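Single-structure report; data block below.
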Amino acid sequence: MENIKVHKQYPFDEIEPRWQKYWEENKIYQTDLSRSENKLYCLMMFIYPSGDKMHIGHWYNYGVTDSWARYKRLRGYNVFEPMGYDSFGLPAENFALKTGVHPAVSTEQNIEYIRTQLKSIGAMFDWSKELATTDPEYYRWTQWLFIKLFENGLAYRKKAPVNWCPSCKTVLANEQVEEGLCERCDNEVTRRDLTQWFFKITAYADRLLEGHKKLDWPNKTITMQKNWIGRSEGCEIIFKATSTSADIPVFTTRADTIFGVTYMVLAPEHPLVKQITTSDQKQAVGEYIEQARKQSEIERTSTVKEKTGVFTGAYAENPMNGEKIPIWTADYVLMGYGTGAVMAVPGHDERDFEFAKKFNLPISEVIAPEGGNPEGELEEAYTEYGQMVNSGAYSGLGSEEGMRKVAEYLEKIGRGGATISYRLRDWLISRQRYWGVPIPIIRCPECGDVAVPEEELPVLLPKTDDFRPAGDGSSPLAKIPEFVETTCPECGGEAKRETETMDTFVDSTWYHLRFLDPEYAAGPFNPNIVDKWMPVDRYVGGSEHAVTHLMFARFINMFLYDEKYVKFEEPYPVLRHQGIITNSGAKMSKSHGNVVIPDDYIKIYGSDTFRAYLMFMGDYQEGGDWDDSGINGIHRFLGRVWRLVEPNCAGLAKREFPEFIKEQLEGIDKDVYIRLNKTIKKFGQDFETQKYNTAIASIMELLNTLYKALESSRLSTVFFFAIKKLLWLMAPITPHLAEELYHKSGFEGSIFNSHFPDYDEDATVGDQITMVVQVNGKVRASLDVDPDLSQEQFEELAFAEEGVNRHIEGKQIIKKIFIENKLLNIVVK
RNA sequence: GCGAGAGUGGCGGAAUUGGCAGACGCGCCGGACUUAGGAUCCGGUCCUUCACGGGGUGGGGGUUCGAGUCCCCCCUUUCGCACCA
């Protein structure tokens with residue numbers, strides 16, 4: 001990179017800053033939000049100012065989406081394109097810890113820096129609507145949101161085994177743990193029992209699933225959310241411990257296998273384990289629980305691991321047949337799903353089968369293949385649906401009917417019934433870190449947890465130099481008595497503030513509402529504008545947020561909808577992801593040290609070239625591996641545009657053009673005219689479907705045709721007409737270059753306040769088309785002919801071709817296939 | 001293991017959805033202009049063959065007049081999920 005010496009194709013370094021300044025001074029991108037006709041709220045996931053420079057991924061999202069939005073603007077849309085900072089959170093805080101600078105200061109500096117970088121993109125960001133989640137006037141309303149959830153019973157505190165990252169020294173939501181590793185620092189996550197704040201997203205599980213139907217989102221993203229929510233229809237069955245009579249509910253999707261239960265298993269963390277374990281098994285069980293606790297999530301959930309477990313000494317009674325079965329504890333049962341206990345049916349569940357084999361537990365066969373016979377001795381678990389056997393009065397029923405009947409019976413006797421289970425857990429939102437929104441709760445010994453009154457918001461994050469995480473599960477705020485000591489808003493007695501802060505994902509659940517009027521003081525957002533401008537018309541960001549931000553924001557929005565704060569249920573009806581750009585096949589990340597920073601490229605080539613290259617590289621939704629070897633070609637392309645238009649554009653604005661008619665044009669003029677109209681048409685289609693690479697390729701073809709015109713004749717009216725239209729084709733892709741040439745052509749004001757050219761449909765095809773003649777499917781001739789020839793007319797031409805005759809001579813024609821305007825295939829023998 | 005994509009020249013990638021495979025660009029080769037070329041402009045560039053031809057879209061089979069595109073099996077690869085009862 002350092003050694004690259006590139007020929008500067010045109011004075012981008014002079015052009016780009018000049019137009020950025022012009023756009024800013026003339027408020028070209030300040031959207032009039034009082035008008036909502038043709039509104040287009042184009043939102044890109046805002047940025048995390050962590051002290052790092054903007055990387056390629058940001059440019060890929062922001063630059064390319066901006067080009068799309070510019071195209072829409074030229075099409076007459078009133079585009080709103082805001083940008084702001086998701087500035088609370090661990091990366092910012094870790095940067096502060098590393099540099100020793102207070103996060104409030106470093107965040108401010110980082111924002112300053114990132115803003116400069118963002119501006120270098122030359123996007124249509126409406127800087128008058130900039131916001132930062134660390135601004136007290138913003139987080140005041142994040143706290144307001146918390147209180148609303150709290151008042152509605154959707155924010156609550158409970159003690160639970162939670163994910164703890166020893167390196168970040170805080171708890172994490174399930175969604176922030178990837179394969180047992182902390183998504184931020186890649187360290188192993190351990191479990192701790194802590195009392196934490198949760199948002200009751202599970203109350204919205206079905207609504208979140210239902211809402212998917214209304215969303216124009218990538219299928220994959222919807223699937224990820226569906227899997228994450230993990231809705232599963234089944235049956236609750238309440239077993240009873242024989243010694244203590246304690247109820248042990250289990251969840252199963254296969255109630256039809258109930259007669260095949262030969263033992264049951266409780267998760268090691270299950271609270272009943274300690275109660276029911278008999279004294280002679282106490283030691284073994286205790287040791288087992290201890291080792292299970294110490295295991296990491298990775299070891300624990302590995303499917304290849306051999307099953308382990310211990311008998312508790314206790315027994316349970318099967319409610320269907322009164323059978324006594326042993327109760328085991330084993331870590332293949334997870335406390336976090338269902339009831340943390342399962343009925344084991346080794347005959348019809350692979351995991352139970354494996355376990356039963358290892359510990360010599362009985363295996364009984366209660367489902368036979370439909371119409372088939374029982375195996376007698378099972379070699380492996382039979383997990384398909386089938387017909388119930390050895391199941392008392394239920395024998396003979398099909399699986400599905402059996403499940404229904406068993407559930408009905410259990411319900412009648414009060415021992416369970418049909419139910420639905422979800423994988424989704426409530427969202428753990430408290431964090432033991434400094435750099436976040438303080439949870440606005442006061443803990444009173446008399447009144448319990450009391451919300452801070454709205455008029456006292458925001459609860460300001462106290463200034464302190466000791467913001468290091470304690471690591472013992474307490475928040476750094478707990479060390480600040482002036483912050484902690486307070487009085488109860490209800491009884492006036494002495495009370496303490498909650499010292500934990502909120503997960504940053506809470507901040508971004510509602511930022512799209514705030515963007516529309518970030519100064520609004522009477523509430524979290526201005527309802528007049530929100531009603532007109534929401535929902536977001538197009539949302540673009542990384543797919544890594546599928547089950548975090550995107551799901552959380554939907555949940556919160558549904559809550560705001562239910563509480564009648566907003567009139568729409570889905571905040572982001574249309575979502576697109578940019579692809580991921582890798583480096584030598586590996587995901588770019590700081591820990592790999594392979595992050596590509598665009599700054600050097602911008603210096604050498606300019607923003608327009610870099611943006612255009614990102615669009616040209618490949619399929620936008622696919623992404624791809626970073627390879628800068630082609631960037632010169634794009635830079636050359638812009639240079640070719642420059643050299644073609646710049647010397648020829650004087651006075652273009654005032655120049656009158658006749659209405660061209662394809663049939664009346666000849667030679668290169670006709671070629672140029674047809675190519676131009678083809679390109680305008682294709683450009684529009686490709687931009688709508690995000691096929692930016694082929695849109696640019698098509699402009700290149702136009703440009704090649706124009707260079708031919710330049711070479712072959714004196715410059716014609718059509719030529720000037722075409723270079724004028726070219727300005728608009730370039731504008732979304734290379735906004736600075738286009739704006740410069742627009743003004744050099746004598747236009748006033750910004751090209752982005754003008755309108756994209758229409759095309760002449762008649763001239764999008766040549767007046768001759770190419771048809772082929774095949775013999776036995778092989779192309780033997782290719783003819784330029786008038787369109788819409790009949791088979792007879794075309795055959796006459798085809799059989800006159802020497803290349804065709806050579807291949808049919810002396811052979812018998814079996815049949816002829818004629819496809820209008822395409823081909824004639826002659827089948828011979 | 002399960003699910004969803006993808007596999008096309010030396011490279012990035014096109015192909016109106018079953019109808020001329022390789023658009024456009026990079027790279028490379030040649031020409032022009034030039035003291036010069038790392039600039040620019042023009043031309044060439046899938047493989048093989050002097051040519052006529054022949055072969056060719058991960059591999060194998062199939063459907064069809066015709067398959068990169070549809071169907072079956074296999075391989076590779078990316079992503080997501082992964083003891084979810």
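Naming: A, B, ... by sequence-line order, numbering from 1 per chain. We use all heavy atoms of the structure for the numbers below, so side chains are in, but hydrogens, waters and symmetry mates are not. Only a predicted model underlies this, so the values are computations on that prediction, with no experimental measurement involved.
The interatomic distance linking A/E350 (CD) with B/C2 (C1') rounds to 11 Å, in whole Å. Atom CD1 in A/I222 sits roughly 18 Å away from atom P in B/G80 (whole-Å rounding). At whole-Å resolution of the value, CG in A/D331 and P in B/A85 are 18 Å apart. Atoms CG (A/D627) and P (B/G27) sit 11 Å apart, rounded to a whole Å. To the nearest angstrom, C1' of B/G12 lies 13 Å from CG of A/L614. Rounded to whole Å, atom P of B/G80 lies 18 Å from atom CD1 of A/I229. Between A/I420 atom CD1 and B/A85 atom P the separation is 13 Å, expressed in whole Å. The distance from atom CE of A/M343 to atom P of B/C83 is 20 Å, rounded to the nearest whole Å.
Between B/U34 and B/A14, the two P atoms lie 41 Å apart (nearest whole Å). When the C1' atom is used for both B/G18 and B/C70, the distance is 8 Å, rounded to whole Å. To the nearest whole angstrom, the two C1' atoms, one in B/G58 and one in B/U77, are 11 Å apart. The gap from the P atom of B/G68 to that of B/C33 amounts to 45 Å, rounded to the nearest Å. B/G43 and B/C50 are spaced 28 Å apart, taking the P atom of each and rounding to whole Å. For B/A15 and B/G25, the P atoms lie 16 Å apart once the distance is rounded to whole Å. Remark: the separation of the P atoms in B/G7 and B/U69 is 11 Å, to the nearest Å. Nucleotides B/C46 and B/C52, compared at atom P, are 15 Å apart to the nearest Å.
Aromatic pair A/Y605/A/F12: centroids not less than 6.0 angstrom apart.
For B/G9, the glycosidic angle deviates from 0 by 90° or less, giving a syn base. Syn is the glycosidic conformation of B/U17, whose angle stays within 90° of 0.
Ion pairing of A/E761 with A/K681 is present here, as a side-chain N (NZ or NE/NH1/NH2) and a carboxylate O approach within less than 4.0 Å. Here A/K816 pairs with A/E795 in a salt bridge; the nearest charged N to carboxylate O distance falls below 4.0 Å. Classification of A/R611 and A/D608 as a salt-bridged pair fails, no side-chain N sitting under 4.0 Å from a carboxylate O.
Nucleotide B/G22: unpaired (no Watson-Crick or G-U wobble partner with both distances less than 3.5 Å). Figure legend. B/G1 is base-paired to B/C81; pairs are counted as Watson-Crick or G-U wobble with both atom distances under 3.5 Å. With a 3.5 Å ceiling on both atom-pair distances, B/U35 lacks any Watson-Crick or G-U wobble partner. Shown here, B/A6 forms a base pair with B/U76; the pair counts as Watson-Crick or G-U wobble because both key distances fall under 3.5 Å.
Listed pair A/R643 / B/A39 fails the phosphate criterion, with no side-chain N or O lying under 4.0 Å from OP1 or OP2. The side chain of A/R806 places an N or O atom within less than 4.0 Å of a non-bridging phosphate oxygen (OP1 or OP2) of B/G53. Distances shown here put every side-chain N or O of A/R423 at or beyond 4.0 Å from the OP1 or OP2 atom of B/C81. For A/K220, no side-chain nitrogen or oxygen approaches OP1 or OP2 of B/G80 to under 4.0 Å.
In this structure, a donor-acceptor pair under 3.5 Å is present between the side chains of A/H577 and A/T221.
RNA chain B is contacted by both A/Y613 and A/G230; A/Y613 maps to the nucleotide lying nearer its 5′ end (nearest heavy atom per residue).
For A/K357, the NZ atom counts as loosely surrounded, since its 6.0 Å shell holds 12 or fewer non-hydrogen atoms of other residues, nucleotides or ligands.
Using a 4.0 Å heavy-atom criterion, one finds that A/Y707 contacts the sugar-phosphate atoms exclusively. Residue-level contact check: A/R780 touches the backbone only, with heavy atoms under 4.0 Å from sugar-phosphate atoms and none from bases. Within 4.0 Å of A/K816, counting heavy atoms only, lies no atom of the nucleic acid at all.
Using the six-membered ring where Trp is involved, A/F359 and A/F355 have ring planes that are tilted, between 30° and 60° apart. Using cut-offs of 30° and 60° for the angle between ring planes, the A/Y601 and A/F610 rings count as parallel.
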- Note on the structure: Going 5' to 3' through nucleotides 15-26 of chain B and flagging B where a protein heavy-atom sits under 4.0 Å of the base, S where only the sugar-phosphate is that close, and - otherwise, we get ----BB--BBSS
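Put simply, the side chain of A/R576 never gets that close to the backbone of A/V540: no donor and acceptor are under 3.5 Å apart.
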